[in-house]
Amino acid sequence: RVVVAANDLGIFLWDSATGRELGFLDLRPTRSATLHPATGDLLASSPSRFIPWAQQTRQDNSSLTLAFGRPQCLDLPVRLGRFALEGMGARAVVAHEDHIHLADTTALSQSSILPLKGRFETLTISPDKKWLATWTVDRDHIEVWPLGQTNSQPLRILPGIRHFAFSPDGRFLVTCSGRQYVLWDT
């Protein structure tokens, strides 16, 4: 029911049922923000940190009041980029300079560096947790990596721009280039 948007000004939250703005968090600039699918906590990345806020929401009849507790910080370095969550939110991939961290969102100090190199601008994890799809400005194509393996080369390189998504079962990746959309079997 809550819609989250992030940009260089911060994080905006709306109630999708009423269209009413629920709040704004001044985290400048924000690279990515989303609500954790299992807990409802707000997760955000900025160049200075990766932050989870515990959600404290109240709903009275048709009115929704959204509040968050004190921010915590995951033990990740500064100069972070965008991030993506696994389906249930247990882990996040977070872009950092020329590589990606895989972070446990429940244990604030557990993360590892994936053996991928590039200036990653867009990331997504397949719902079945098998694949990580990435896009970088300098290579201008989509790369599909096996998640959890130590490959330093992508399994597939696909034409397309920064807009792509996995199907709900993780079997397909849809990519776009110009006005053409292609469904790839993973």
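What you see below is based on every heavy atom in this structure, not just the backbone, and it leaves out hydrogens, waters and symmetry mates. All residue numbers refer to positions in the sequence shown, counting from 1.
A pairwise comparison of heavy atoms in P52 and L43 identifies CB-CD2, 3.4 Å as the closest pair. Residues R49 and L27 share a closest heavy-atom pair of NH2-CD1, 3.5 Å. Residue E21 comes nearest to W14 through the heavy atom pair CA-CD1, 3.5 Å, listed as atom of the first residue, atom of the second, then distance. Of all the heavy atoms in P71 and W53, the pair that sits closest is CB-NE1, 3.1 Å.
Counting only distance, with no hydrogens or angles, the side chain of S32 and the backbone of F83 share a donor-acceptor pair below 3.5 Å. Between the R31 side chain and the A44 main chain, no donor and acceptor come within less than 3.5 Å of each other. Checked by atom type and distance alone, the side chain of S126 pairs as donor or acceptor with a backbone atom of W131 at under 3.5 Å. Within the 3.5 Å criterion, the main-chain N or O of G170 finds a donor-acceptor partner in the side chain of T186. Side-chain N or O atoms of T105 include one that pairs as donor or acceptor with a backbone N or O of G89 at under 3.5 Å. Remark: side-chain polar atoms of S46 are paired, donor with acceptor, to backbone N or O of S48 under 3.5 angstrom.
Electrostatic pairing of R171 and D185 counts as a salt bridge here, judged by a charged N lying under 4.0 Å from a carboxylate O. Using a cutoff of 4.0 Å between basic side-chain nitrogens and carboxylate oxygens, D98 and R119 are not scored as salt-bridged.
The shortest side-chain heavy-atom distance between D169 and D128 does not fall under the 4.5 Å cut-off. Contact annotation: the side chain of P47 never approaches that of R79 to less than 4.5 Å [non-hydrogen atoms, C-beta and beyond]. In this structure, the side chains of L173 and I142 come closer than 4.5 Å at one or more pairs of heavy atoms.
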Give the intermediate values and the outcome of side-chain contact (heavy atoms from CB on, under 4.5 Å) for residues L74 and I51.
CA-CA 6 Å; L74 287 177; I51 309 165; over 6 Å; no
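Judged as a ring-ring contact (aromatic ring centres under 6.0 Å, His included), and not counting sequence neighbours, H36 has no contacts.
Side-chain atoms of H99 and E97 include no donor-acceptor pair closer than 3.5 Å.
Under the 4.5 Å side-chain heavy-atom criterion for grouping Ile, Leu, Val, Met, Phe, Trp and Tyr, L114 is not connected to L76 through any hydrophobic cluster.
Between F166 and F172, the distance separating the two ring centers is not shorter than 6.0 angstrom.
Using bins of under 30°, 30° to 60° and over 60° for the plane-to-plane angle, the ring pair F24/F12 lands in the tilted bin.
Rounding to the nearest 0.5 angstrom, the gap separating the OG1 atom in T134 from the CZ atom in R139 is 6.5 Å.
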